[in-house]
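Here the structure comes first, spelled out in structure tokens, and everything after it is commentary.
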Amino acid sequence: MRYPFLDLGKANAPYIEDLVKAATRVIDSGRYIGGDEVATLESHLSEYLDAPYIIGVSNGLDALRLILKAYVELGRLAPGDEVIYPANTYVASVLAISDAGLKPVPVDIDEDTLNLDFNLIEASISPLTRAIMPVHLYGRITWGNALKDIAQRHGLLIIEDCAQALGAQSSVKGLYNSCMAGALGDAGALSFYPTKNVGALGDAGAVVTHDPDLARTVRALANYGSDRRYHNIYLGYNCRLDPIQAAMLCIKLDHIDRENESRRHRAKIYNDNITNPRIILPAMAAVPSEAVWHQYVVRVKEGQRDNFRRQLDNMGVGTDIHYATPPHRQPCYKSLADYNLPVTDRVADQLVSLPIATGTSDNDIHEIAHIINQLSL
Ligand SMILES: *Cc1c(COP(=O)(O)O)cnc(C)c1O
């Protein structure tokens, strides 16, 4: 592959010396659970996101699960309550809702942003609706006064799935004045899965919130439900963040703004140079800071998606699909199969993600755009 979709070794190469140093420091410290490394990452994230409470956890799915379960423990959500989520998302968003005993209610997406269509939310609100989970899919913020108004009018919690959008900055303030994705709503979940914009060298995640009660409850739930040693107030879990990952994430976090700026630049090169009439380009964000381009996703018209991918593969260009099968079409979610989600269903057959991560140079992007323009589809 001349242009692999993603080469994580290459993406981490610029940081290798610092990463090895950090890992060595943790190994030498003899402290392998909790401690200063985790606390330091939490405080860096707190400062970066302008949010008072960060809890490092095991991964992004656990961050979402812990938020929802903590709201159940606090009596803010109850089993059977409905949570609205965008139909075009990774299955983890929905698994977290189900796992907390809540009912996921999919709402269709806006064709331009491929994110939650705010105009469709109110028609899906029932007397049981208690929360909305916006997902900043592909690194694009989904936020605005329309969403805030709906949540306020109906007394709904806003829980952000920010797995793909760390560093995105909203032009509309959040509920607690932070403008950073993940800190806009009542609580947010971050993922540091290795492919994410800030990637660990294994699994990792974090919960973000402005609510001290939620923070306390999440922290306890993630540590066997204990508020202090050998004192268990909840039926909890083990969802802790490893210090060795925290130490490496501190290094990666220092470079996030520059990395995101490079992604924005690469996305713009694609948008300025791909002219193949069969390809629908993603809309650039009106405010550039609102998109961090975790994925660069085009749509291929008229059933040519597989043909497009095959031809690119022959030319040495790796691609991927996010996501070919939306959660409501998965075998485990037969309960969601009857929802009418025409936009999500239609675009699911058109989506293709092109290489955009660190390791793909600006020159590579120019060449890939050129290759795409030569294809006959
Ligand atoms: C990656 C991802 C998750 C889950 O994060 P993990 O750390 O892999 O558990 C959740 N939601 C979305 C939108 C994601 O992309």
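The chain is numbered in sequence order, starting from 1. Whatever order the structure lists them in is the order used to number ligands and atoms, beginning at 1.
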Fill in: Criterion salt bridge (Lys or Arg N to Asp or Glu O under 4.0 Å) on K69 and D99, from CA distance to verdict
CA-CA 9 Å; K69 284 173 188 262; D99 189 56; 3.3 Å; yes
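Look at D364 and R266 and you find no salt bridge, because none of the NZ, NE, NH1 or NH2 atoms lies under 4.0 Å from a carboxylate O. The pair E111-R346 meets the salt-bridge criterion, since a charged nitrogen lies less than 4.0 angstrom from a carboxylate oxygen. Comment: R309 does not engage D306 in a salt bridge, judged by the lack of any side-chain N to carboxylate O separation of less than 4.0 angstrom. The pair R219-E42 counts as a salt bridge, with a side-chain nitrogen and a carboxylate oxygen less than 4.0 angstrom apart.
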Ligand-protein N/O pairs under 3.5 Å (ligand 1):
from     : atom 1 : to   : atom 2 : distance (Å)
ligand 1 : 5 (O)  : S191 : OG     : 3.3
ligand 1 : 7 (O)  : G60  : N      : 2.7
ligand 1 : 7 (O)  : S191 : OG     : 2.7
ligand 1 : 9 (O)  : G60  : N      : 3.3
ligand 1 : 9 (O)  : L61  : N      : 2.9
ligand 1 : 11 (N) : D161 : OD1    : 3.3
ligand 1 : 11 (N) : D161 : OD2    : 2.7
ligand 1 : 15 (O) : Q164 : NE2    : 2.8
ligand 1 : 15 (O) : K196 : NZ     : 3.1

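Looking at D117, T89, N88, D108 one by one, the single match for side chain to side chain donor-acceptor pair (under 3.5 Å) with T344 turns out to be D108.
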